[in-house]
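Comments concern the structure below.
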Amino acid sequence: MKQTLPATPMSEYDNPHDRPEAVHERSAQEDPWVMYLVVRRERLPSLAETVCAGAVAAVDCVAGWRDDPTWREGFDAWLARSFRKVCLRANEKDWARLATYDRGVGLARAEPVVAALPPRKKSQRDKLLVHLQAFATGEHAEAPPPRELPHAMRLVLNGDLAMSTGKAVAQAAHASLHALAAFGADDPDGVARWRLAGMPCELRRATGREWAALKAVERVAVVRDAGLTEIAPGSETFLAMAPSDRGRWSSAYLSLPTM
């Protein structure tokens, strides 16, 4: 019998990558397995669109390449030991070169703006990946007018933390994968509808009491950072909720500001 999400879930996904032993193993790796996220530097949409594109690119990468014989071993090792993501930037020439790579893609305004590459060891980067610089931030386009998404994955950024755009893109990619791993089996039809709709995501911001209130009334996947860059270990960076119809979104979520 198919299960559906309860109206007021009030539960948190136990993410195995947050457990102390997993965090220690992740931070101690000398040659980590990494999923590289590459942002198209010269076609930056708004901040929210960039972050959501990163979330979708990671999902697209796993869906497209997880079971491919070329990448299966890398995904297994990455999922077991690392789950690390690094955000890079590419100019138009380098972005064109990435078109020949196995990758997942996140779109904004019908254009590809973020690519997610199947995991590989840091030492196995090719010349292009070694050449690309880390992405922190850039000149984003003005946000488009807000629109109501009837069936979307919801992402919430912790507004109490100071994160660069690149960090936020990587953390949103964590969040989208956690949400599908945590809740996808509960509502496979809902996830299928989301994929068919182009995997729409919505990004909002919460601080302090808003963050706690949302966790109290929504079923959430929480991303806690290992503390390798920018923020303190254990910091809660993102909340993610599996794709669902707008009529099931809580007032605690709907009251949050969009980005």
Side-chain angles (χ1 to χ4, degrees), residues 34-66 68 71 85-119 125-126 128-129 131-157 163-177 179-180 191-205 238 240 243 246 257-259:
V34 181
M35 173 183 278
Y36 288 96
L37 297 155
V38 185
V39 174
R40 191 175 181 180
R41 186 182 66 190
E42 288 152 13
R43 294 292 182 91
L44 282 179
S46 69
L47 172 61
E49 290 172 306
T50 304
V51 170
C52 288
V56 170
V59 172
D60 191 44
C61 180
V62 173
W65 304 104
R66 172 72 177 89
D68 187 280
W71 300 109
K85 299 179 184 68
V86 171
C87 195
L88 306 173
R89 62 182 184 177
N91 59 28
E92 287 300 295
K93 179 180 178 181
D94 290 333
W95 181 262
R97 294 171 65 188
L98 282 171
T100 65
Y101 283 53
D102 296 342
R103 60 181 187 163
V105 174
L107 306 179
R109 311 184 196 193
E111 276 200 284
V113 294
V114 180
L117 309 184
R125 291 173 298 166
D126 62 14
L128 176 57
L129 290 182
H131 161 73
L132 296 179
Q133 296 181 334
F135 175 71
T137 190
E139 293 295 325
H140 290 276
E142 185 176 343
R147 60 191 180 97
E148 288 194 357
L149 298 173
H151 189 85
M153 177 179 288
R154 291 168 290 152
L155 304 171
V156 180
L157 179 147
M163 283 185 283
S164 68
T165 305
K167 181 73 171 179
V169 168
Q171 296 294 293
H174 281 304
S176 61
L177 293 178
L180 293 186
V191 171
R193 286 179 55 201
W194 178 67
R195 292 184 185 278
L196 286 172
M199 298 189 284
C201 294
E202 182 174 277
L203 179 64
R204 300 198 182 204
R205 183 194 305 268
F238 268 83
R246 188 179 184 88
T258 56
M259 296 181 61

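Side-chain N or O atoms of S176 include one that pairs as donor or acceptor with a backbone N or O of A55 at under 3.5 Å. At distances below 3.5 Å, not a single donor-acceptor pair connects side-chain atoms of W71 with backbone N or O atoms of P119.
With values rounded to the nearest 0.5 angstrom, L129 atom CG is found 6.0 Å from L132 atom CG. The line from NE2 of H151 to CD of E202 is 13.0 Å long, rounded to the nearest 0.5 Å. In this structure, Y36 OH and L88 CG are separated by 7.0 Å, a value rounded to the nearest 0.5 Å. Here the straight-line distance linking atom CG of L157 with atom CD of Q171 works out to 9.5 Å at 0.5 Å rounding. To the nearest 0.5 Å, the span separating CZ on R109 from CD on E49 amounts to 4.0 Å. Taken to the nearest 0.5 Å, the CG atom of L180 stands 4.0 Å off from the CE atom of M153.
By the 4.5 Å heavy-atom criterion applied to side chains, V38 and Y101 are not counted as neighbours. Between L177 and K85, some side-chain heavy-atom pair lies under the 4.5 Å cut-off. Two residues are said to be in side-chain contact when any heavy atoms from C-beta on lie closer than 4.5 Å; C201 and L149 fail this criterion. V113 has its side chain out of reach of T50: every pair of non-hydrogen atoms, C-beta onward, lies at least 4.5 Å apart. In this structure the side chain of R195 reaches within 4.5 angstrom of the side chain of V59, judged on heavy atoms.
The two residues A240 and L155 come nearest to each other via the heavy atoms CB-CD2, 3.8 Å. Between V105 and L107, the shortest heavy-atom distance links the atoms CG1-CD2, 3.8 Å. Closest approach of A115 and A57 over heavy atoms only: C-CB, 4.4 Å. Nearest heavy atoms, L37 versus G54: CD2-O, 4.2 Å. When every heavy atom of C61 is checked against every heavy atom of A116, the shortest pair comes out as SG-O, 3.4 Å. Shortest non-hydrogen contact noted between L203 and C52 is CB-SG, 3.9 Å.
C87 pairs with exactly one of V39, V114, T165 by the side chain to side chain contact (heavy atoms under 4.5 Å, CB included) rule, that one being V39.
Considering only residues two or more places apart in sequence or on other chains, R43 meets the side chain to side chain contact (heavy atoms under 4.5 Å, CB included) condition with R40, E92, E111.
Residue pairs that meet the salt bridge (Lys or Arg N to Asp or Glu O under 4.0 Å) test with at least one member in residues 139-153, sequence neighbours left out, are E148-R246.
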message: side chain to side chain contact (heavy atoms under 4.5 Å, CB included) for H174 and F238? Distances and angles first, verdict last.
response: CA-CA 9 Å; H174 281 304; F238 268 83; over 6 Å; no
query: Given V62 and M35, is the side chain to side chain contact (heavy atoms under 4.5 Å, CB included) satisfied, shown in steps?
result: CA-CA 10 Å; V62 173; M35 173 183 278; 4.3 Å; yes
